[in-house]
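One structure is given below, encoded as structure tokens.
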Amino acid sequence: MGLHVYNTLTRAKESFQPLVSNRVSMYVCGPTVYNYIHIGNARPAIVFDMVRRYLTYLGYEVTYVSNFTDVDDKIIRAAEETGEDVEQLAEKFIAAYHEDTEALGVQKADLHPRVMKTMDDIIAFIGRLIEKGYAYEADGDVYFKTHSFQGYGKLSDQSVDDLQAGARIEVGEKKQDPLDFALWKGAKSGEIAWDSPWGKGRPGWHIECSAMVKKYLGDTIDIHAGGQDLAFPHHENEIAQSEALTGKTMANYWMHNGYIKVEDEKMSKSLGNFILVHDIVRQFDPNVVRFFMLQSHYRNPINFSDELLQQAKSSYSRIGTFIRNAKHRLELSADLGEPANWQDTINGFRDRFIREMNDDFNTPNAFTVVFDFIKEANRYLENDHSSKRVLQEMLSLLKEWEEVLGVQFEQEEEVLDETIEEWIEKRNEARKNRDFKEADRIRDELQEKGIVLEDTPQGTRWKREN
RNA sequence: GGCGGCAUAGCCAAGUGGUAAGGCACGGGUCUGCAAAACCCUGAUUCCCCGGUUCAAAUCCGGGUGCCGCCUCCA
């Protein structure tokens, strides 16, 4: 079975067929840069980074675009508060975004377009929508005529009538209809603004993505992704704008990640119950955070707490422990004959992993495969003798998986401290003489320095306690 | 009011018709001078509740309960 992807548009898993074989175009809605990102913002970054990595692993050439919203009410407000200039503030949080996501193993997009730098395209896009009769100018603002687009609501499965009935916003003086939404907002005095055929102003929120997708990826793309809460209205509006203009399908696959909850409530900036990536990575290894996120399926909600992260940490360290132990063994093992079927066993695990990932990126099950493999490999280490080649192949399979999941299993191992080796030697001398008191003393002393010793039939190995 | 999601062991979490994966924690055992790591064994007669369909349901259908989200800025 090839790759199947859950498509929000059809509410079903579909066989994945890109527009051009071997190539995938992918657009992920990025953050509004007015603050440091919280772990809820980090989820789509991590999840779709994993999607990108897996597609790459399958051999696709992926073009990945993710925007920064750097012009918006919240940024303007934040800039007013700090007295900074809007652009400076945006720059600062863009840099912070890159720093935070990089720590979490997220690769940079091929392109990170910004609203400020896409202004001409946005204005042109709006202009053409007016020309085609899908939008109208109203006193310095421009609105999209929602009713004019057939199929509005198809992504979120809402009928225009129901939306109309449920619309809470009162009919703005300028809007012709409550469902219409802003493409261009006329500037209030003193605000940052750009010239346009409709006067000074700035773009509405949704139009930037439509313009960027079209400019950088084309009229129709393979995958468009973002958080579940963007499905409506943001993505719905994007579809309306783009498809009204081009008459073509905007994206073939729409993917949405579930959100992160704190005490069973959605984590969001507006609720104030958020945890910044900046802060959490000081408490936990970022790899643990990423592992934690990928241990749930990307579409399911995740609860977040220290306790759960602690659990994830224990779980995660099982993999690193194996790698360390296997490497210790590798140094000592000769090239003895390998078990006849090891190649098949390893290939079997690789295939299982792919099968799970092919099922709509089922990373929880992919980790089950990893753990099953670790168990099998640990059994192999129980043997008196091991083959170098088998050990190396086991380690390289884990490397392969690391690359796909973006989680580093192996802790950065500091350069071997000479004195630790000396202590170990001294202790082993004591053990040989059955002076266990001295041996334990040395072990305790090292323990206090965070060094844990483990005696094995193949000699003493050590690790740093984390 | 409209649309959608979730409910599986102490905790986390897969599983969408064939008789409950995996991880963490707990207990017993093996190994060890003692540990650690690892391995082995043990845990839901049962998947929120009540009906129904079926040879067979956690999985399908009907009803109910609880929780959550979107419909307004939001990943």
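Residue numbers start from 1 in every chain, and the chains themselves are labelled A, B, ... in the order their sequence lines are given, proteins ahead of strands.
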Residue met sooner reading RNA chain B from 5', once Pro44(A) and Leu271(A) are mapped to nucleotides: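 The 5'-side residue here is Leu271(A).
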Starting at the 5' end of RNA chain B and moving along, which residue's nearest nucleotide shows up first, Phe371(A) or Asp72(A)?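 Here Phe371(A) is the residue nearer the 5' end.
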Looking at G33(B) and Phe436(A): do their rings stack (centroid distance under 5.5 Å, interplanar angle under 30°)?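 The ring of Phe436(A) is stacked on G33(B).
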Taking a pair as Watson-Crick or G-U wobble with both distances under 3.5 Å, which nucleotide is matched to [N]?
N      : value
G18(B) : C55(B)
A38(B) : U30(B)
C6(B)  : G66(B)
G43(B) : none

Fit a plane to each ring of Trp254(A) and His235(A), take the angle between them on a 0 to 90° scale, and name the class: parallel (under 30°), tilted (30 to 60°) or perpendicular (over 60°). tilted
Classify the ring geometry of Phe68(A) against His112(A): parallel below 30°, tilted from 30° to 60°, perpendicular beyond 60°. parallel
What does [X] touch in the nucleic acid at a heavy-atom separation under 4.0 angstrom: a base, only the sugar-phosphate, or nothing?
X         : answer
Leu381(A) : nothing
Arg355(A) : nothing
Asp455(A) : base
Ile260(A) : base
Gly226(A) : sugar-phosphate
Ser268(A) : base

Could you tell me how far apart Gln158(A) (CD) and U72(B) (C1') are, to the nearest whole angstrom?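 Atom CD in Gln158(A) sits about 13 Å away from atom C1' in U72(B).
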d(CD, Glu307(A); P, G10(B)) in whole Å: 14 Å
Could you measure between the two [atom1] atoms, the one in [N] and the one in [M], and give it in whole Å?
N      : M      : atom1 : result
A13(B) : C3(B)  : P     : 28 Å
C31(B) : C67(B) : C1'   : 47 Å
C24(B) : A36(B) : P     : 16 Å
U59(B) : U46(B) : P     : 15 Å
C70(B) : A25(B) : P     : 35 Å
G10(B) : C48(B) : P     : 13 Å
G27(B) : C55(B) : P     : 47 Å
A14(B) : A9(B)  : P     : 13 Å

Will you find, in the side chains of [X] and [Y], an N or O donor that is under 3.5 Å from an N or O acceptor?
X         : Y         : result
His278(A) : Asp100(A) : yes
Asn257(A) : Gln228(A) : no
Thr82(A)  : Glu84(A)  : yes

Counting heavy atoms not belonging to Glu445(A), are there more than 12 under 6.0 Å from its CD? yes
Compare all side-chain heavy atoms of Thr368(A) with those of Glu356(A) and state whether any distance is below 4.5 angstrom. no
Answer yes or no: does a side-chain N or O of [X] lie under 4.0 Å from OP1 or OP2 of [N]?
X         : N      : answer
Arg318(A) : A38(B) : yes
Asn257(A) : A75(B) : no
Lys261(A) : C67(B) : no
Lys375(A) : C40(B) : yes

Classify the side chain of [X] and the base of [N] as holding, or not holding, a donor-acceptor pair under 3.5 Å.
X         : N      : value
Arg299(A) : G4(B)  : no
Arg379(A) : A38(B) : no
Arg77(A)  : C73(B) : no
Arg431(A) : G33(B) : yes

Given Phe349(A), which of Phe373(A), Trp401(A), Trp342(A) fulfils the ring pair (Phe, Tyr, Trp, His ring centres under 6.0 Å) condition?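 So the option named by the test is Phe373(A).
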For nucleotides 13-21 of chain B, 5' to 3', base contacts (B), sugar-phosphate-only contacts (S) and non-contacts (-) with protein non-hydrogen atoms under 4.0 Å give SSS-----B
Identify the residue among His328(A), Glu454(A), Glu331(A) that makes a side chain to side chain donor-acceptor pair (under 3.5 Å) with Arg461(A).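 Going through the options one by one, the only one that passes is Glu454(A).
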